[in-house]
Amino acid sequence: QVQLVESGGGLVQAGGSLRLSCAASRNILSFNAMGWYRQAPGKQRELVATRQTFAFTSYVDSVKDRFTISRDVAKNTLYLQMNSLKPEDTAVYYCNAELGGMTYWGQGTQVTVSS
């Protein structure tokens with residue numbers, strides 16, 4: 001079974017930065033797609049950023065030009081660089097991967113942005 005483990009969350013002041021990591025139990029090149037989701041209390045889970053074939057990336061409008069999704073193949077790790085953080089970015093962030101019609105999720109990491 002595929003395992004995804006997120007890390008890097010924490011408490012940061014508005015305007016600060018964090019880098020989230022998602023360590024996978026297998027070569028991340030084998031996945032059809034990977035991405036980051038987030039869910040705030042009382043809100044639906046939303047797709048934040050994805051990385052697909054030919055390094056195509058997409059971002060939800062609220063994080064464009066602030067967040068960057070990237071990877072380190074040698075470390076089997078997906079990253080989400082989060083800059084210029086805002087209080088509204090506060091949420092639990094989840095790593096996601098797709099392979100052979102199956103979806104996999106990490107347990108999530110809490111990001112809290114204070115005013």
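Within a 6.0 Å radius of CD in Glu88, other residues, nucleotides and ligands contribute more than 12 heavy atoms. Remark: Gln107 CD is loosely packed, at most 12 non-hydrogen atoms of other residues, nucleotides or ligands lying under 6.0 Å away. Remark: Asp65 CG is loosely packed, at most 12 non-hydrogen atoms of other residues, nucleotides or ligands lying under 6.0 Å away.
Test Asn96, Leu20, Thr50 against Trp36 for side-chain contact (heavy atoms from CB on, under 4.5 Å) and you get one pass: Leu20. Among the candidates Val48, Asn83, Leu85, the single residue satisfying the side-chain contact (heavy atoms from CB on, under 4.5 Å) test with Val63 is Val48.
Across all non-hydrogen atoms, the minimal contact from Ser84 to Asp89 is O-OD2, 4.5 Å. Leu99 approaches Asn32 most closely through the heavy-atom pair CA-OD1, 3.4 Å. The shortest non-hydrogen separation linking Ala40 to Ala91 is N-CB, 3.9 Å. Across all their heavy atoms, Ile28 and Ala24 have their closest contact at CG2-CB, 3.8 Å. Pairing each heavy atom of Pro87 with each of Ala14, the nearest pair is CD-CB, 4.1 Å. The two residues Leu80 and Ala49 make their nearest non-hydrogen contact at CD1-CB, 4.1 Å.
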Steps toward side chain to side chain contact (heavy atoms under 4.5 Å, CB included) verdict (Tyr59, Thr68): CA-CA 8 Å; Tyr59 302 88; Thr68 303; 3.9 Å; yes
Worked verdict on Asn27 versus Val73 for side chain to side chain contact (heavy atoms under 4.5 Å, CB included): CA-CA 7 Å; Asn27 190 336; Val73 174; 4.0 Å; yes
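Considering OG1 of Thr77 and CE of Met34, their distance stands at 8.5 Å, rounded to 0.5 Å. Atom-to-atom distance recorded for Ile69:CD1 and Gln81:CD is 12.5 Å, nearest 0.5 angstrom. To the nearest 0.5 Å, atoms CZ (Phe31) and CG (Leu4) are separated by 5.5 Å. Interatomic distance, CZ of Arg19 versus CE of Met82, reported as 13.0 Å (0.5 Å rounding). In this structure, the separation between SG on Cys22 and NZ on Lys75 is 14.5 Å, given to the nearest 0.5 Å. Put simply, CD on Gln1 and OG on Ser25 are 8.5 Å apart, with the number rounded to the nearest 0.5 Å.
In this structure, Glu6 contributes its side chain and Cys95 its backbone to a donor-acceptor pair below 3.5 Å. Thr90 contributes a side-chain N or O that, together with a main-chain N or O of Val113, makes up a donor-acceptor pair within less than 3.5 Å.
Taking the six-membered ring where tryptophan is involved, the planes of Trp105 and Tyr94 are perpendicular, since the angle between them exceeds 60° and thus also 30°.
Salt-bridge formation is detected for the pair Lys64/Asp61: a Lys NZ or Arg NE/NH1/NH2 atom is positioned less than 4.0 Å from an Asp or Glu carboxylate oxygen.
Using a 4.5 Å cut-off on side-chain heavy atoms (C-beta onward), Val60 and Phe67 make no contact. Contact annotation: the side chain of Arg38 never approaches that of Val111 to less than 4.5 Å [non-hydrogen atoms, C-beta and beyond]. Proximity of Leu29 to Arg71: side-chain heavy atoms (C-beta onward) are separated by under 4.5 Å at one or more points.
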